[in-house]
Amino acid sequence: MIHQFKNNGYNIVLDVESGAIHVVDEITYDLIGIFEGNSKEFVVKNIQDKYPEVSKEDIEEIYDEVQGLVDDDVLFTPDVYEERIEDFSKNRPVVVKALCLSIAHDCNFACKYCFADEGTYNGQPRELMSYEVGKQALDFLIHNSGNRKNLEVDFFGGEPTMNWQVVKDLVAYGRSQEKKYDKNFRFTLTTNGLLLNDEMMEFCNKEMGNVVMSIDGRKCINDKMRPTINGKGTYDIILPKFKKFAESRHQKRYYVRGTFTRNNLDFSKDILSLADEGFKEISMEPVVAPPTADYALKEEDLPQLFEEYDSLAREMVKRHGTDKEFNFFHFMIDLEGGPCVYKRLSGCGSGTEYLVVTPKGTLYPCHQFDGTKGFEMGDVWKGVTNIDLQTEFKGCNVYAKPECKKCFARFYCSGGCQANAYNFSGSVTGNYKIGCELQKKRIECAIMIKAATGSEE
Amino acid sequence: MKHIKTLNTKRLQKTVKTGGCGECQTSCQSACKTSCTVGNQSCEHKN
Ligand code: SF4
Ligand code: SF4
C-alpha cells in the first residue's frame, strides 16, 4: 500500500512495505493516486483532463517513470511480512533483554498527571527497592537473556535519585558481571532533577548511556503541572541543573522530556522554549490520562495539535544547519539505518523482552502496568510464571491489531503502546485513537523534514 | 523536468533476510517511556 500526503509544500508518497519515500510534483502525485488497478489509457486520459496544459507525451512519460518504480519494488510493493509474522512473534523463543527497575516507588514531586500516582503506582505503599532485590533482578536478566549481549537496565520510579546508593551499587554489580557472562549493560536513568547534584551527574556521565530529565517547557506550564509535594514551582530549581547536566554530557545521550496536556495545546512553544534554553535533545509527549481528567486530550483537540506539530516541523526545517538546530525525539527517523522489519512489526516488547521490576521484586509487563491487577507476571526469584499472559503479549504484533494492519504508520510505530491500548479499549490488541492520530501526524512531519533536508538516491 | 525524487531509504524487504538479531534497543526503554516509536532507532547489525 502507499500513503500520500502534502506537507509544507512537499508532495510525498510513502511506499509502506518497502519504506521507500518519493517526493513528487503535483501531476505525478495525482497520477500515482489513480495508478493502481487502472489501465494506462485511463490514467493518462484522466490526468490530461485535469491538466490540459500538459502534453500527452509528457504524461505518458511520467506514467512510465511511475511504472519503473513499481518494477523496482519501491512503489505498490506487496506485503510479504504478514504470512511470516508468527515466525518472529509467537514462535520466537522469549529472551529478556531489558528491565525497568522501579527503584523507588516514591517521589518528591506531585505531578498532576503522573500515571504512577506520585510513585505509588495504583496506591501501592511508598517504598524503595533494596540492593538484594535489584541484584536478583540483574541476575534474572543475565540468565534469561540467552545470547543477547546488550542488556538494558533503566532506573525509573517514582524518583530514582531518592534511592541513589542502591542505583550506584547495582551499576557496580552489573559491571562486575559483564565479563563473566559476556554481556554489556546499558544503564539509563530518568529524573525530575530535584536531588540532582554534581556527584550524580559525574556518575551518570560515566555509567549511563542515556538520561532523561523531566521538564515541561515554559515555566508557567511546568510549575502548574509539576509542583513539589508542598505545591511549590520546580522550574527555577531544575532548569539550571538540567542545563549543566546536558552541557556536561556534551549535548548528547540525553533528553529533556516533557508532557503536554490540554492546558498547553500550544505545546510547540514549550519545545521551542527548551530549545531556546540551549537544549539539543528534546522530547514532548502527549499526556495519557483518563478521559474524565480536565487536562486529558480530547478528539476535538486534534486539529490544533496537528497544526502544532506542523508548525514545529516547519521551524525545525528553518533551523536545520544553523546553531539553533535541535532534535525532537518524535520527529527523528532513521531512514537509512533503521531497524529491520522484525523489530518494526513485533511491537514494543512489553511482557516479553521487556519487564518492570517493583521494589518487592514482582514482575509486570512494563512500567505502565506496574501495579495493575491481573498483570503480575512472576518475580525476580522464580522468573516469569504467568505464561498465559506472556503468550498474550508475545502475540501483540501489528498484524494482530486490526487497526494497525491497515495503517501506513505501522513500520514506524510498531503497533503503539499496549498499555494505552488496554486502558482505552480494554484489550492489549486494541487501539487508543488519539494516540494513533498523533503518531501518524508525527511520522508525516518526520518524513517531510527528511524530504526538506535529506539526501536523495 | 524531474518529476520524482526518491529519498535514500533502507529497503525493508531486504531486512527480512539480514534482520532479526534482536540486539537493538527496546523501543520504549531508554528514550521517553510512553509513546513507543521504532522508526528512529538504529540497527546494531553493521553490515
Ligand atoms: S498509529 Fe495506531 S493504528 Fe497505526 S500502527 Fe500505530 S498503533 Fe497501529
Ligand atoms: S509502548 Fe506502552 S506497553 Fe509498550 S513498553 Fe512502552 S509503555 Fe509499556
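Chain naming here is simple, since letters A, B, ... match the order of the sequence lines and numbering starts at 1 in each. Since the model is a prediction, treat every value here as computed from it, not as a measurement.
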Chain B contact via [X] - side chain, backbone, both or neither, heavy atoms under 4.5 Å:
X         : answer
Leu189(A) : neither
Tyr29(A)  : neither
Phe156(A) : side chain
Val16(A)  : backbone
Thr77(A)  : side chain

Largest heavy-atom contact set with chain B, pairs under 4.5 Å, which of Val23(A), Val24(A), Val13(A):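 Highest number of pairs under 4.5 Å: Val23(A).
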For the interface with chain B, which of Thr259(A), Thr28(A), Ile21(A) has the highest count of heavy-atom pairs at distances below 4.5 Å?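 Answer, by heavy-atom pair count under 4.5 Å with chain B: Ile21(A).
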Between the side chain of Arg148(A) and the main-chain N/O of Gly22(B), is any donor-acceptor distance below 3.5 Å?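 Side chain of Arg148(A) to backbone of Gly22(B): a pair is present.
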Report, as yes or no, whether the 6.0 Å neighbourhood of atom CG on Asp64(A) holds more than 12 heavy atoms from other residues, nucleotides or ligands.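 More than 12 within 6.0 Å, yes.
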Is there a donor-acceptor contact under 3.5 Å linking the side chains of Lys10(B) and Thr15(B)?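 Looking only at side-chain atoms, Thr15(B) and Lys10(B) do not form any donor-acceptor pair under 3.5 Å.
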No-hydrogen, no-angle side-chain donor-acceptor test under 3.5 Å, Asp73(A) and Ser18(A):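 No, no side-chain donor-acceptor pair sits under 3.5 Å.
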Evaluate salt bridge (charged side-chain N to carboxylate O under 4.0 Å, His left out) for Glu281(A) paired with Arg257(A), printing each intermediate quantity in order. CA-CA 9 Å; Glu281(A) 305 289 339; Arg257(A) 177 207 187 280; over 6 Å; no
Which pair of non-hydrogen atoms, one from Cys340(A) and one from Gly20(B), has the smallest distance, and what is that distance?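 Taking every non-hydrogen atom into account, SG-N, 3.2 Å.
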